[in-house]
Amino acid sequence: MASRAVVRLSKSVFSRSVLPRVVIAKALSSNASPRERIWSCKKETDRSQIGLECLKDMVVDGDIQLFDVREPHELASLGKIPKSVNIPLAQVVEAFSMSPAEFKEKYRVPKPDVKDENLIFHCQSGRRAQKAVEGVKQLGFEKAIIFAGGWSEWEFYIKRRPQAVPRKVSYER
Ligand SMILES: O=S(=O)([O-])[S-]
């Protein structure tokens, strides 16, 4: 009787709370790869996108290559996500076809590697970023993903919860 209760209790403890917590703790540790961190935050199984909370963590952490494919005038008038680099959609394929030296000279950041797992594209609401991801995937950047919520979701979040933006990251407008 008592042993059955113990088995039942330990099954529920291990299956529902302890193990997932261990997995989550590992995924959130500084040793976790960017991809482990991304997917630890996601409940859904769609691995082609990143959600706002995880994006925010990566922005704070700095371990991110985030490209904003809107037009420069949109960034100037609406604002930009910290750490993002602007490459308008029409230039994306050309940019990601450049040599690392040309890319660095033009965009002032290192060119991502085809194997990078922290390569993320966003725009205003997802449409252009989707095209950008499709374009770079054709060039071999298979692990590129999209922040579909884009600037719209980031701005909505910031406006509703400005205190949630860590001080380390300045809110650029
Ligand atoms: O930014 S958008 O192309 O989704 S309108």
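Side chains included, hydrogens not; waters and symmetry mates left out as well; all remaining heavy atoms used. All ligand and atom numbering here is 1-based and tracks the order in the structure. Quantities reported herein were computed from a predicted structural model and do not represent experimental measurements. Just so you know, residue 1 is the first one in the sequence shown, and it goes up from there.
For atom 5 (S) of ligand 1, the closest heavy atom belonging to the protein is R127 NH2, 3.5 Å. Looking only at protein heavy atoms, the nearest one to atom 3 (O) of ligand 1 is R128 NE, 2.9 Å.
With ligand atoms numbered from 1 in the order given, ligand 1 contributes 1 (O), 2 (S), 4 (O) to contacts under 4.0 Å with heavy atoms of S125. Ligand 1 places these atoms under 4.0 Å from at least one heavy atom of G126: 4 (O). Ligand-side atoms of ligand 1 in range of Q124: 1 (O), range being under 4.0 angstrom from any heavy atom.
Minimum interatomic distance between P82 and L66 (heavy atoms only, all atoms of both residues): O-CD2, 4.2 Å.
Aromatic pair F96/F121: centroids less than 6.0 angstrom apart.
Using a 4.5 Å cut-off between side-chain heavy atoms of Ile, Leu, Val, Met, Phe, Trp and Tyr, with links allowed through other members, I145 and L89 fall into different hydrophobic clusters. Cluster annotation: L52 and I146 are assigned to distinct hydrophobic clusters (Ile/Leu/Val/Met/Phe/Trp/Tyr, side-chain heavy-atom contacts under 4.5 Å, transitive).
Polar contact check, C123 against ligand 1: no nitrogen or oxygen pair lies under 3.5 Å apart.
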**Asked** So V133 and F141, side chain to side chain contact (heavy atoms under 4.5 Å, CB included) or not? Walk me through it.
**Response** CA-CA 8 Å; V133 167; F141 296 83; over 6 Å; no

